[in-house]
Structure formats: C-alpha cells, structure tokens
Amino acid sequence: MSRSHPAPEKAPDALTATTALGPLQARVAARAPTAGPGNDHHAAGRAFTCAAEECVMDLIARDHAGLVAHSADVLAELLRIWAEQGVDAEEVWTELDRRTRMGNLLLSLNMTRRRATPATARKRSWKIRTTKLP
C-alpha cells in the first residue's frame with residue numbers, strides 16, 4: 001500500500017519559531033485565557049492527548065491524510081497550552097537547537113577519535129551508546 005507524496009519543498013536556512021509558528025501562535029494567544037487558578041488545565045491536557053492518540057492510530061493504520069489532519073490538531077492544542085502557560089515558541093525552538101547542537105558535538109567527538117586511531121589501537125573509555133539527544 002504505497003502512496004506517492006509530493007516531495008517537500010526545501011525549508012529556508014533561517015527557519016525560526018516566528019516564521020514557522022508565529023502567525024498561528026498569535027491567533028491562538030489572542031483567544032487563549034492566561035494561566036490562572038480558574039483555568040482547567042486538565043481539559044487542555046486531555047485535548048492534546050486525544051489529538052496525539054489519533055496521530056498514533058493514523059500512523060499505525062498508515063492513513064496519511066488522517067495523520068496530516070491530526071498532526072495539525074496536535075500542534076494547535078500544543079500552541080493553546082503554550083499560550084495559557086505563557087510559553088513562547090521561540091523558547092522551545094531554542095531548546096531544540098541546543099539539543100541538536102549538543103548531539104552533533106557529541107557525535108563529532110566520537111567520530112573524530114575513531115578516525116584518528118587505528119582500529120587495533122582503539123580503546124575508548126567513553127563511548128556514546130545512545131541516539132537520544134540530551
């Protein structure tokens with residue numbers, strides 16, 4: 001059951017949270033109440049969880065159209081939660097960038113030492129054994 005999908009356009013080099021999510025975040029923030037004791041954070045969490053579950057079911061079922069639609073729901077719910085809690089998308093973007101840079105640095109350190117030493121002489125007291133970013 002192979003589906004043909006158009007190739008995604010090349011993303012600009014300077015993609016930031018402002019260019020990627022800015023307009024949507026501004027609309028959501030304008031409608032979202034501010035964080036406070038009266039807000040029902042459980043409802044926001046449930047809505048996000050339901051949208052995420054739908055994404056997983058679409059992934060398992062290989063339903064591309066459903067996955068796209070429910071992924072948009074996940075992002076919209078996440079933006080609502082961020083707006084209610086006063087989280088700026090740029091903060092999240094910065095954290096993702098930090099993790100990516102740290103992962104690339106660790107990979108570079110691991111590969112540099114590997115290439116510089118002959119295979120028979122390699123004795124690394126440390127080795128990165130995970131693909132998870134810090």
(message) Taking side chain to side chain donor-acceptor pair (under 3.5 Å) as the definition, give me every residue that meets it alongside E77, ordered by chain and number, with sequence neighbours left out.
(response) R80
Enumerate, atom names and distances included, each donor-acceptor pair closer than 3.5 Å involving a side-chain atom of residues 67-76, sequence neighbours excluded.
from, atom 1, to, atom 2, distance (Å)
H70, ND1, D58, OD2, 2.4
H70, ND1, G66, O, 2.9
S71, OG, L67, O, 2.6

(message) Would the distance check show the side chain of E84 and the main-chain N or O of I81 forming a donor-acceptor pair, the cut-off being under 3.5 Å?
(response) no
(request) Under 4.5 Å between side-chain heavy atoms, chaining through other members, with only Ile, Leu, Val, Met, Phe, Trp and Tyr counted: pull out the rest of the cluster around V56, sorted by chain and number. (result) I60
(request) Please check if the side chain of T94 supplies one atom and the backbone of E90 the other of a donor-acceptor pair under 3.5 Å. (result) yes
(request) For R46, enumerate each residue passing the side-chain contact (heavy atoms from CB on, under 4.5 Å) test, keeping only those at least two apart in sequence or located in another chain. (result) D40, H42, A43
(message) Once salt bridge (charged side-chain N to carboxylate O under 4.0 Å, His left out) is applied, do any residues pair with D97, and if so which ones, sequence neighbours excluded?
(response) R101
(request) Mind checking the CD-CG spacing from E54 to D63? Nearest 0.5 Å is all I need. (result) 10.0 Å
(request) Compare all side-chain heavy atoms of V92 with those of W82 and state whether any distance is below 4.5 angstrom. (result) yes
(message) Rounded to the nearest 0.5 Å, what separates atom CG in L96 from atom OG1 in T100?
(response) 6.5 Å
